[in-house]
2 protein chains.
Amino acid sequence: MNKKAERGRLTRDQLVATATELFAERGYEDTSIEAVLHEANVSRGALYHHFAGKEGLFEAVLEAVETRVDSQLVAAVAGQSDPVEALRGGCLAWIGFVGDHVVRQIVLIDAPAVLGWERWREVDQQHGLGMIRAALRATRRLPAELVDPFAHMLLASLGEIALLIARSPDPDAALDNGVAAIEELLRRVLR
Amino acid sequence: MNKKAERGRLTRDQLVATATELFAERGYEDTSIEAVLHEANVSRGALYHHFAGKEGLFEAVLEAVETRVDSQLVAAVAGQSDPVEALRGGCLAWIGFVGDHVVRQIVLIDAPAVLGWERWREVDQQHGLGMIRAALRATRRLPAELVDPFAHMLLASLGEIALLIARSPDPDAALDNGVAAIEELLRRVLR
DNA sequence: GTGAACACCGACAGTCGGTATGTCATCCGA
DNA sequence: TCGGATGACATACCGACTGTCGGTGTTCAC
């Protein structure tokens, strides 16, 4: 049980890698299974052997992207003992990811529409959102029942600011102003 | 130039009304053009005479829904002289719209995936950002250079909370909690 | 060696969005 | 008032797409 399994894993990985690229570039709806098959040099049967369908393939892609983001976020806040500082560090790191078109298209745009809210939220909670929520809770500056909505609002705000920066004609100045806004928001929200 | 135009407007309206219903009920992707055609008793040619395609039809539906929401939002804050109260009223009114399953599915879930991130943001900002920015500035609780990024963050936060409520398994409880979160956010941000 | 299990293959069916072309009532200028 | 122009469809058709299904070749345990 080695050569067979290895070959299978190789095919699967190739499929996920190619699909990640195409989904990010064209979006889910505008990416045909056939394009993925052709680009990955894999047959139709192989894909349907490994995944439940186009949607199953997307789920695998999403999982892979989220995992990658996760590890980088963890690395960004590693060794930070002050929860407020950890939160600030995580927020600034996340701003960088929203500028990443792979994360933006797959995680932020397509995932809710493709998976539906419940499934998307499940996945998201296990990753970025969960981290921010934990960090928010650790600061002990919010009543327990407000931690979850504030985590969502904070994430949304971060995405918005990141986009504002990315689209600005003067990204450097916009970055300063955006970061200042985020820090001011955190200051006010965390009292 | 009367009978022809009137007939055309009738067909168009019928198409938009039927599509609104089906898009809201099944989501954009799971609604086929043919289903809309059948339900509206309209031919393929008629649809493609009035709209650029399925996406064009969706845009028309979205525009109609947003316009309806807009007028109700304006009505909700009319006659409010205190800028802080006006801002709060507008925010809460918007949150209230998530009880409408049409707004939920079309504006909040499908629009980003169908129109793409950039176009969706454009539309969203035309309908909400201007009002929020003006209201925020009027409160005089923020330095001038932070009004714009805070308006963006607030709008994004409202959208996120609206989504959170919309897709919650228990919308009533989620609504209360979401409203509480927004009010607490405004309280903290506006000092 | 052999039979089961696995990874894969590719022709095919059904559906969908979009197009090309025809038709017919209505309008309008002479 | 009448004939061409125009608007508002109607319909047959096309290519593309997704998912299926019976089969094939390789690998592995015994």
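In what follows, every chain begins at residue 1, and chains take the letters A, B, ... in the order their sequences are listed.
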For this session: Answer yes or no: are there more than 12 heavy-atom neighbours, outside B/Glu21 itself, under 6.0 Å from its atom CD?
Result: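 Not more than 12 within 6.0 Å, no.
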Next item on the list: Tell me, yes or no, whether the heavy-atom count around B/Arg68 atom CZ, taken from other residues, nucleotides or ligands under 6.0 Å, exceeds 12.
Entry: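 Enclosed.
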Whole-Å gap separating P (D/dT6) and CD (B/Glu6) =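 Value for this atom pair: 23 Å.
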| Tell me: CG of A/Leu37 to P of C/dA11, nearest whole Å? |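 Going from A/Leu37 (CG) to C/dA11 (P), I get 13 Å.
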Phosphate OP1/OP2 of [N] contacted by [X] side-chain N/O (<4.0 Å):
X	N	value
B/Arg7	D/dC9	yes
A/His49	C/dA7	yes
A/His50	C/dC8	yes
A/Thr11	C/dA7	no

Heavy-atom contacts, protein to nucleotides 11-20 of chain D, under 4.0 Å, summarised as B (base), S (sugar-phosphate only) or - (none) per nt, yield BB----SBBB
Tell me whether the rings of B/Tyr28 and B/Phe23 are parallel (<30°), tilted (30 to 60°) or perpendicular (>60°).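 Answer is tilted, since the angle falls between 30° and 60°.
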Residues forming a side chain to side chain donor-acceptor pair (under 3.5 Å) with B/Gln14, sequence neighbours excluded
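Scan of B/Gln14 (side chain to side chain donor-acceptor pair (under 3.5 Å), adjacent residues dropped) gives B/Thr18.
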Taking side chain to side chain contact (heavy atoms under 4.5 Å, CB included) as the criterion, tell me which of A/Thr20, A/Val114, A/Thr31 meets it with A/Phe58.
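By the side chain to side chain contact (heavy atoms under 4.5 Å, CB included) criterion, A/Phe58 pairs with just one of A/Thr20, A/Val114, A/Thr31: A/Val114.
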Check your understanding: How far apart are the C-alpha atoms of B/Glu184 and B/Arg187, what are their side-chain angles, what is the distance that settles it, and do they pass the salt bridge (Lys or Arg N to Asp or Glu O under 4.0 Å) test?
Key -> CA-CA 5 Å; B/Glu184 183 62 24; B/Arg187 202 171 299 129; 2.5 Å; yes
